[in-house]
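Heads up: the structure comes next, in structure tokens.
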Amino acid sequence: AQSVTQLDSQVPVFEEAPVELRCNYSSSVSVYLFWYVQYPNQGLQLLLKYLSGSTLVESINGFEAEFNKSQTSFHLRKPSVHISDTAEYFCAVRLFSGGYNKLIFGAGTRLAVHP
Amino acid sequence: DTEVTQTPKHLVMGMTNKKSLKCEQHMGHRAMYWYKQKAKKPPELMFVYSYEKLSINESVPSRFSPECPNSSLLNLHLHALQPEDSALYLCASSQGSGVGNTDTQYFGPGTRLTVL
């Protein structure tokens with residue numbers, strides 16, 4: 001069965017410091033991976049995705065993630081964070097089951113950026 | 001444009017009330033989803049509609065009744081809810097299954113539901 005593990009429930013970091021949010025998955029089939037961000041009192045926004053091709057994917061606001069098949073990981077990184085990056089981050093894997101696509105989410109990582 | 005809209009933003013209802021949540025997308029997507037999210041938890045899938053037909057019901061209680069009037073609209077009818085049903089209800093849409101590996105879900109801002 002496919003599953004997603006986000007190893008850190010909370011990550012505190014100072015502004016302008018680098019950050020890595022960890023995500024590991026388990027899957028025996030083709031993998032499609034996503035990072036979503038949820039700002040306080042808002043819905044989920046797609047941050048970036050890996051569907052195929054280059055294993056390094058980037059978002060427009062400076063985040064990047066690398067698909068590592070051998071380590072079954074899809075960690076999210078940013079070289080310098082801002083206060084505005086404070087949010088909940090969810091890693092997800094897409095599962096094709098019963099003829100339909102479903103997202104399997106990790107438990108989430110709360111990124112808290114301090115001044 | 002990857003916008004999914006939801007109304008209302010907030011809803012407070014009693015256990016005997018009947019209310020509805022609305023979701024709309026104009027991206028031509030053929031799959032639409034309802035999720036329930038409790039505080040500090042990931043979203044939990046409730047229903048999936050594909051080409052306006054209910055495809056997945058994740059064993060949701062009958063007090064939640066989904067409806068897909070057309071390919072752009074998705075409703076969630078609520079009746080006789082319990083206080084533990086209080087949560088953020090998220091709608092999402094995607095191109096739909098069978099479109100290769102590009103199927104990606106886009107979420108709305110959610111409706112914050114409080115059941116008294």
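Note: hydrogens, waters and symmetry copies are ignored here, and every other heavy atom, side chains too, is used. Here the structure is a predicted model, which means the values were calculated and not measured. Just so it is clear: chains get the letters A, B, ... in the order the sequence lines come, proteins before strands, and each one is counted from 1.
No path of Ile, Leu, Val, Met, Phe, Trp and Tyr side chains, each step under 4.5 Å between heavy atoms, connects B/Tyr89 with B/Val48, placing them in separate hydrophobic clusters. Residue A/Tyr89 is not grouped with residue A/Leu7 when hydrophobic side chains (ILVMFWY) are merged at heavy-atom distances under 4.5 angstrom, including chains of intermediate members. There is a path of hydrophobic side-chain contacts, each under 4.5 Å, that joins B/Leu81 to B/Phe47. Follow the hydrophobic side-chain contacts under 4.5 Å out from A/Val113 and you reach A/Leu21 in the same cluster. Both A/Leu47 and A/Tyr25 are part of a single hydrophobic cluster, where members link through side-chain heavy atoms under 4.5 Å apart.
Looking at B/Glu44, neither its backbone nor its side chain comes within 4.5 Å of chain A, counting heavy atoms on both sides. Of the two parts of A/Gln45, neither the backbone nor the side chain holds a non-hydrogen atom closer than 4.5 Å to a non-hydrogen atom of chain B. Residue A/Glu88 does not touch chain B at all, counting heavy-atom pairs closer than 4.5 Å.
Between B/Leu88 and A/Gln38, some side-chain heavy-atom pair lies under the 4.5 Å cut-off. Proximity of B/Ser94 to A/Asn101: side-chain heavy atoms (C-beta onward) are nowhere separated by under 4.5 Å. Taking 4.5 Å as the limit, some side-chain heavy atom of B/Tyr35 sits within range of a side-chain heavy atom of A/Leu103.
Summarising the geometry of B/Pro42 relative to A/Ala107, their closest heavy-atom pair is CD-O, 3.9 Å, with the distance given to 0.1 Å. B/Tyr106 and A/Lys49 make their closest contact through OH-NZ, 3.9 Å (heavy atoms, listed as atom of the first residue, atom of the second, distance).
Counting only distance, with no hydrogens or angles, the side chain of A/Arg94 and the backbone of B/Thr104 share no donor-acceptor pair below 3.5 Å.
Of the listed residues (B/Gln37, B/Arg112, B/Lys9), the one with the most heavy-atom contacts under 4.5 Å to chain A is B/Gln37.
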task = Mind running salt bridge (charged side-chain N to carboxylate O under 4.0 Å, His left out) on A/Lys102 and B/Glu58 for me, showing each step along the way?
result = CA-CA 11 Å; A/Lys102 297 171 63 172; B/Glu58 294 283 5; 2.6 Å; yes
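Heavy-atom neighbours of chain B within the stretch residues 51-78 of chain A, taken at a separation under 4.5 angstrom, comprise A/Leu51, A/Ser52.
Checked against side chain to side chain donor-acceptor pair (under 3.5 Å), B/Gln25 has no partners two or more places apart in sequence or in another chain.
Heavy atoms from other residues, nucleotides or ligands lying under 6.0 Å from NZ of B/Lys38 number more than 12.
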